[in-house]
Amino acid sequence: MSNAIEGGCFCGRIRYRLKACPMFVHCCHCSDCQRQMGSAFVINGIVEAENVDLLQGAPVMITLSTNSGRPHDVYRCADCQSALWSDYGRRKWLSFVRLATLDRPSAFPPDVHIYIRSKLDWVPLPAGARAFDEYYDVQAEWPKESLDRLNKARTRATGSARS
Ligand SMILES: [Zn+2]
Ligand SMILES: [Zn+2]
């Protein structure tokens, strides 16, 4: 069995491979994710966009509004409409991959549970889970290797260490 991290949409038209493990994994319980998914939460693995390799097909982008006013671009299969990844704020260099579209959807358990203020009452959190009412402090929670990757990707894309 290969160790490749691969996934795809429901109908199989789009297949992708992650060239690196996610830097950090969110289980997001916010009401936007709930309504967009029609589900209790979404599991997002954050990776550099350049580490998402399309193997087959090409997703289409739709843009959703957010409270922050920055666009939320969702990349979907044009046929079956599965959402594969998101680009929050249209950065172009950072992808939030919907990890339940992986062939092994349990491969990367969440590092944090966020926006638990809107978590459905009957969804329990695992013992010891790091959970936040809303968002959290990236510098405080991400492992150093992941912060290094994030900063490198940002610098490559924007020429600046902060954005
Ligand atoms: Zn599809
Ligand atoms: Zn959310």
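Both counts, for ligands and for their atoms, begin at 1 and track the order of listing.
- In terms of modelled atom types and a separation under 3.5 Å, the side chain of Glu141 and the main chain of Val112 share no donor-acceptor contact.
- A salt bridge is absent between Lys152 and Glu48: the closest approach of a Lys/Arg side-chain nitrogen to an acidic carboxylate oxygen does not fall below 4.0 angstrom.
- Protein contacts to the Zn ion (ligand 2) involving N, O or S atoms at a distance below 2.8 Å are Cys28 SG, Cys30 SG, Cys33 SG.
- Between Asp87 and Leu94, every side-chain heavy-atom pair lies at or beyond the 4.5 Å cut-off.
- The distance cut-off of 2.8 Å around the Zn ion (ligand 1) captures these protein N, O or S atoms, sorted by chain and number: Cys9 SG, Cys11 SG, Cys77 SG, Cys80 SG.
- We find that Asp53 and Arg17 are not joined by a salt bridge, their nearest charged nitrogen and carboxylate oxygen being 4.0 Å or further apart.
- Below 30°, between 30° and 60°, or above 60°: for Phe24 and His26 the angle between ring planes is above 60°, a perpendicular geometry.
- Using a 4.0 Å cut-off between charged side-chain N and carboxylate O, Arg90 and Asp73 make a salt bridge.
- Pro71 and Thr63 get closest at one heavy-atom pair: CB-CG2, 3.8 Å.
- Side-chain N or O atoms of Lys119 include one that pairs as donor or acceptor with a backbone N or O of Val123 at under 3.5 Å.
- A parallel orientation is assigned to the rings of His72 and Tyr88, their planes being inclined by less than 30° (bins at 30° and 60°).
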